[in-house]
Amino acid sequence: MDLLTREEYEAIAKGLTLPTNAFIDGAFRPAASGNTFESVNPATGEKLADIADCGLEDVDFAVEKAREAFEDGRWSRIHPSERKEVLIRLAKLIKRNARELAVMESIDSGKTILDCETVDVPETIHCLTWHAEAIDKIYDQVAPASDDHIAMVLREPIGVVGLVLPWNFPLLMLAWKIGPALAAGCSLVVKPAAETTLTALRIAELAMEAGVPRGVFNVLPGGGADVGEPIGRHMDIDMVSFTGSTVTGKRFLSYAAESNAKEVVLEMGGKNPCVVLDDAENLDRVAQHVVNGAFWNMGENCSASSRLIVHKDVKAELLERIAHHAREWNVGAPLDPEVRMGALVSKAHFDKVCSYLDKAETVVLGGKAHDGTHVEATVVEVDGNDHTLAREEIFGPVLSVVTVASFDEAIAVANDTDYGLAASIFTSNVKRAIRGARAIRAGTVTVNSFGEGDISTPFGGYKQSGFGGRDNSVHAHDQYTQLKTLWIDLADDEDEAVA
């Protein structure tokens, strides 16, 4: 898709009809309380809409309708190929409305239109199509048994699922969850982040148009205390999949333990190491990967390369090249397709990121904030891995540099963190690459590149970065299904038969 001009995108934004109400049982509805909250464009401060501010009564109603839909089988018991056809129609509808969704995503989140047009919307379409195509290709199993028995291992949809989304990739994270959940036959109660509600509501509307039955796909805007916690504690929700901060993720474990012991899958934070050894080749290319990993999406990325662990012998040259490439990441209006870094998602988050800039002692590049909305690509050197900037997840465009003197020290520093979501290692020695990748405690480790794999590879973390399952790949389907053993006795002898 060819990019437009800033003026053309701004004209589209002005003409958008924004969804403002909750989507429950196949229709848009105001919150039961009648309350609303403001949705604000983080780049301009302009109010976009008054959004339904849901609460416990809305959660109860949505779960009731989701349960009805699940139990009567309107989605959970139709033929897998029928679900496949519906999800493919949804992907086609998203493609048909791609530009509208990209602009909506940008004005709601501060993300650049460049990323929304070229990454978020296309990857959303690809994700849904991939999981749709997997529906009739994932087989149940027959276990080894004697001639007198048949042992079948069946997958069944887990039931009513709560999906709690982050604000950094609203559309794409929605797809990561609804793709396998709908493919499995579950009914959904979705809570988008309060900062970024628009595209989730629009996708629910498109899903209804595609043929997802009423009650199967419900979206409840609102705050964590009013919607998120009631979802986590609800006695009739069978499973919750959450993406967001580690602090909030841990709360969902408590909610589950204090309610119905529902299953919980968590994808949480990271302080991801990028290890550059002394034998890394083509430092200019390495620098490009480091910069992309640190500053893409304004650093609002759980898998961002936020710690550069670099060997002392290549540090000076690498930092020089990083500074060169980081200057290409200009800040500006998100709807300008020439801009690489948009606005941070909210004033509160902007203030949080700036509070970390105040702790920086040696600033190599950047370190400046603009207009209460944007933060420049920033590189800081820290004195060891115990520094606050090396330990805490900033979730902004700040790269902390830690110097090491050996391979073993680099791996030790990489693992010296509470997190374990992603990592990368740069070296020209294949043995060191494999040894290092195996030794780093992270869910995804890339060699000589920054990345997260693709839709075919599982994504999730070790330690306080993840719990209970993985997004993406066929493994994502596991968390939305239950395994049932069906044991059939074929014995003819009455003495051997099972009563």
Side-chain angles (χ1 to χ4, degrees), residues 66-88 127-163 176-188 212-213 216 235-242 253 256-257 259-267 443 453 455-462 466-499:
R67 177 59 63 187
E68 286 179 8
F70 182 77
E71 297 299 339
D72 69 23
R74 68 187 74 162
W75 182 253
S76 59
R77 291 201 292 273
I78 65 174
H79 195 279
S81 63
E82 293 182 64
R83 292 201 295 269
K84 171 183 173 179
E85 290 174 3
V86 171
L87 286 184
I88 288 175
C127 175
L128 291 177
T129 304
W130 195 93
H131 286 294
E133 291 290 353
I135 290 174
D136 56 4
K137 300 172 184 66
I138 298 177
Y139 287 75
D140 292 332
Q141 297 172 313
V142 176
S146 71
D147 286 346
D148 290 333
H149 301 91
I150 295 177
M152 291 187 284
V153 182
L154 309 178
R155 293 170 178 261
E156 296 184 347
I158 198 168
V160 176
V161 171
L163 303 177
W176 277 23
K177 296 186 186 300
I178 68 171
L182 289 173
C186 297
S187 293
L188 315 180
V212 175
V216 171
M235 297 297 290
D236 206 24
I237 288 180
D238 301 295
M239 177 263 185
V240 167
S241 179
F242 166 85
L253 294 178
S259 56
N260 61 342
K262 60 178 62 66
E263 295 193 22
V264 177
V265 173
L266 305 175
E267 195 272 282
I455 188 63
S456 68
T457 57
F459 182 80
Y462 290 13
F467 178 90
R470 291 291 189 265
D471 289 317
N472 290 346
S473 80
V474 293
H475 296 281
H477 292 243
D478 294 341
Q479 61 205 36
Y480 301 107
T481 59
Q482 297 264 40
L483 289 181
K484 175 180 283 185
T485 296
L486 186 56
W487 183 267
I488 303 172
D489 194 322
L490 303 176
D492 291 328
D493 188 327
E494 292 183 2
D495 293 333
E496 296 181 12
V498 176

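Quantities reported herein were computed from a predicted structural model and do not represent experimental measurements.
The heavy-atom pair separating Ala132 from Lys84 by the smallest distance is O-CG, 3.3 Å. Shown here for Gly468 and Val265, the closest heavy-atom pair between the two residues is O-CG2, 3.6 Å. Here the shortest heavy-atom pairing between Trp130 and Ser456 reads CZ2-CA, 4.1 Å. Between Ala183 and Ile135, the shortest heavy-atom distance links the atoms CB-CG1, 3.4 Å. Here the closest heavy-atom approach between residue Leu188 and residue Ala181 is recorded as CD2-CB, 3.6 Å. Closest non-hydrogen pair, Ala69 versus Val216, comes out as CB-CG2, 3.9 Å.
With contacts defined as side-chain heavy-atom distances shorter than 4.5 Å, the pair His477/His131 qualifies. Residues Glu133 and Ile88 form a side-chain contact, since some pair of their non-hydrogen atoms from C-beta on lies under 4.5 Å apart. Between Lys262 and Val240 there is a side-chain heavy-atom pair separated by less than 4.5 Å. A 4.5 Å side-chain heavy-atom check between Ile178 and Leu128 finds at least one atom pair inside the cut-off. In this structure, Leu182 and Trp75 have side chains that are in contact, with non-hydrogen atoms separated by less than 4.5 Å. The shortest distance between side-chain heavy atoms of Asn472 and Pro458 does not fall below 4.5 Å. Under the 4.5 Å side-chain criterion, counting only non-hydrogen atoms from C-beta, Met239 is not in contact with Val264. For the pair Leu266 and Leu253, the minimum side-chain heavy-atom distance is below 4.5 Å.
Looking only at distances, no side-chain donor or acceptor of Glu263 sits under 3.5 Å from a matching main-chain atom of Asp238. Side-chain N or O atoms of Ser76 include one that pairs as donor or acceptor with a backbone N or O of Phe70 at under 3.5 Å. Remark: the backbone N or O of Lys177 is not paired with any side-chain donor or acceptor of Asp471 at under 3.5 angstrom. Counting only distance, with no hydrogens or angles, the side chain of Asp140 and the backbone of Leu154 share no donor-acceptor pair below 3.5 Å. Listed for the Arg77 side chain is a donor-acceptor partner under 3.5 Å among the backbone atoms of Glu71.
Side-chain contact of His475 with Ser473: a donor-acceptor pair under 3.5 Å is absent, judged by distance alone.
Annotation: ring-ring contact (aromatic ring centres under 6.0 Å, His included) contacts of Phe242 (sequence neighbours excluded): Phe252.
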Problem - Test log, rule salt bridge (charged side-chain N to carboxylate O under 4.0 Å, His left out), inputs Asp136 and Arg83 - result: CA-CA 9 Å; Asp136 56 4; Arg83 292 201 295 269; over 6 Å; no
Problem - Derivation of the side chain to side chain contact (heavy atoms under 4.5 Å, CB included) call for Val153 and Leu483 - result: CA-CA 7 Å; Val153 182; Leu483 289 181; 4.1 Å; yes
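To the nearest 0.5 Å, atom CD1 of residue Ile138 and atom CG of residue Asp478 are 8.0 Å apart. Between atom CZ of residue Arg470 and atom OG1 of residue Thr457 there is a gap of 11.0 Å, rounded to the nearest 0.5 Å. Distance check: His149 NE2 to Leu490 CG gives 7.5 Å after rounding to the nearest 0.5 Å.
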